[in-house]
Engineer: 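Would you mind keeping the following structure in view while I ask a few things?
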Protein chains: 2
Amino acid sequence: MDRVDHWLSCIKEHGYRLTAPRRAVVDTLATSNHVLSPFEVFELARENYPRLGLVTVYRTLEKLEELGLIQRVHRPSDCQAFVTAFKGHQHLLICQNCGRVEFFSGDDGMEELMVKVGERSGYRIKDHWLQLFGVCWECGD
Amino acid sequence: MDRVDHWLSCIKEHGYRLTAPRRAVVDTLATSNHVLSPFEVFELARENYPRLGLVTVYRTLEKLEELGLIQRVHRPSDCQAFVTAFKGHQHLLICQNCGRVEFFSGDDGMEELMVKVGERSGYRIKDHWLQLFGVCWECGD
DNA sequence: CTCTTTGCAAAAGTTTTGCACGCTC
DNA sequence: GAGCGTGCAAAACTTTTGCAAAGAG
């Protein structure tokens with residue numbers, strides 16, 4: 001699997017060690033296109049590496065986030081779930097049922113809107129979030 | 001104060017009782033234009049009603065949210081904070097420093113974007129979040 | 001061999017629940 | 001008065017920290 005290898009290289013390049021627990025977490029997240037909570041990662045990764053501890057999952061997620069390989073996703077119901085991060089600014093489309101995630105780029109007038117709202121409000125705009133929620137083709141309606 | 005009265009009426013109309021603890025929480029949230037966590041609400045409301053318990057704050061927030069008077073706000077750092085809710089779909093602009101909130105309406109191509117992304121992805125789009133983060137005029141840069 | 005990383009146990013937070021008393025209506 | 005609401009205490013969760021032992025390089 002390509003992305004798994006990339007993540008493992010990235011971990012190594014940054015001076016962190018390659019260990020079985022880390023491989024298990026990476027395998028789980030890098031091959032999923034669903035939003036996963038720390039506990040879900042723990043459960044899935046344990047199928048391949050039963051000795052895995054939840055604490056290690058937290059610590060590994062922290063590193064993967066720091067390396068920019070995963071990003072945190074906020075949803076109405078929870079805010080501690082993660083997905084693969086994409087380069088550049090990408091907006092998220094999340095399935096409310098199964099957590100499947102698609103990315104789409106902001107080829108909309110987002111920059112323009114930020115400038116406009118900034119002027120009107122007197123705020124210095126730094127960042128923005130755009131997320132769409134829906135039901136994916138597999139979950140039906 | 002106008003909004004306070006509105007909220008109190010709303011509570012009463014829905015068959016809930018008007019009590020001192022609820023008044024304290026309502027006073028705090030309805031007169032603030034800042035994002036407040038449950039604990040912050042607790043601390044502020046206790047200045048007026050020291051006997052207030054944190055549990056009651058949670059229970060009151062739950063009711064105010066249910067009545068649509070407040071809405072939950074998600075930020076990179078926390079996801080359990082609340083602000084006054086506005087009617088209609090409003091987007092948020094949040095000060096990263098002090099939590100001050102402004103609303104702006106989506107006079108952008110949001111509906112259009114939702115249709116377009118829906119078609120491309122095969123998702124049935126249900127909802128969207130658009131939030132801008134920045135630094136307000138009072139916090140400088 | 002050295003020093004990072006791990007998993008357990010326990011701590012630290014945060015949110016929810018159970019229950020007897022108090023207060024609104 | 002009847003019954004909703006409150007505050008305390010304790011439970012339930014989630015996330016973080018301390019530490020001895022295991023394992024990568």
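The figures that follow rest on heavy atoms only: side chains count, while hydrogens, waters and symmetry mates do not. Please read these numbers as outputs of a predicted model, since none were measured by experiment.
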Engineer: What integer distance in Å separates B:F42:CZ from D:dG7:C1'?
Structural biologist: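 Answer to the nearest Å: 10 Å.
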
Engineer: Would you please test A:T31 and A:R3 for side chain to side chain donor-acceptor pair (under 3.5 Å) and show each step?
Structural biologist: CA-CA 7 Å; A:T31 60; A:R3 192 185 291 155; over 6 Å; no

Engineer: Given atom CG of A:L36 and atom C1' of D:dT14, what is their separation to the nearest angstrom?
Structural biologist: 17 Å

Engineer: Of all the nucleotides listed (C:dC8, C:dT6, D:dG5), which has the minimum atom distance to the side chain of B:R22?
Structural biologist: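 For B:R22, the side-chain atoms sit closest to D:dG5.
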
Engineer: Which pair of non-hydrogen atoms, one from A:H74 and one from A:Q131, has the smallest distance, and what is that distance?
Structural biologist: O-NE2, 2.9 Å

Engineer: Tell me whether the side-chain N or O atoms of B:R51 pair up with the base of C:dG22 as donor and acceptor below 3.5 Å, since no angle test is needed here.
Structural biologist: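 No pair found.
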
Engineer: Between B:L69 and B:C10, is a side-chain contact (heavy atoms from CB on, under 4.5 Å) present by the stated rule, with each step listed?
Structural biologist: CA-CA 9 Å; B:L69 299 172; B:C10 192; 4.1 Å; yes

Engineer: Round to a whole Å and report the spacing from CG of B:L52 to P of D:dT6.
Structural biologist: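 Distance, rounded to whole Å: 9 Å.
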
Engineer: Is a side-chain donor or acceptor of A:H34 paired with a backbone partner of A:V101 at a separation under 3.5 angstrom?
Structural biologist: no

Engineer: Can a side-chain donor-acceptor contact be found between A:Q96 and B:Y123 if the only test is distance below 3.5 angstrom?
Structural biologist: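 No - no donor-acceptor pair under 3.5 Å links their side chains.
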
Engineer: Quick check on DNA chain D: between B:R17 and B:Y49, whose nearest nucleotide comes earlier from the 5' end?
Structural biologist: B:R17

Engineer: Nearest-Å distance, NE2 (A:H14) to P (C:dT4)?
Structural biologist: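 Answer to the nearest Å: 18 Å.
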
Engineer: Calculate the interatomic distance between A:K63 atom NZ and C:dT4 atom P; express it in whole Å.
Structural biologist: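 Taking NZ of A:K63 and P of C:dT4, I get 11 Å after rounding.
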
Engineer: Could you state the CD-P distance from A:E62 to D:dT14, rounded to the nearest angstrom?
Structural biologist: 19 Å

Engineer: Between P on C:dT5 and CG on A:L54, what's the gap in Å once rounded to a whole number?
Structural biologist: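 Roughly 18 Å, once rounded to whole Å.
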
Engineer: What is the separation between atom CZ on B:R23 and atom C1' on C:dC23, rounded to the nearest whole Å?
Structural biologist: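 From B:R23 CZ to C:dC23 C1': 13 Å.
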
Engineer: With a cut-off of less than 4.0 Å, is there a side-chain N or O of A:T19 near OP1 or OP2 of C:dT6?
Structural biologist: yes

Engineer: Which nucleotide wins on minimum distance to the side chain of B:R59, given the candidates D:dT6, C:dT5, D:dT17?
Structural biologist: D:dT6

Engineer: For A:T56 and C:dG7, is the shortest distance between a side-chain N/O and OP1 or OP2 below 4.0 Å?
Structural biologist: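 Answer yes for this pair, as a side-chain N or O of A:T56 is under 4.0 Å from OP1 or OP2.
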
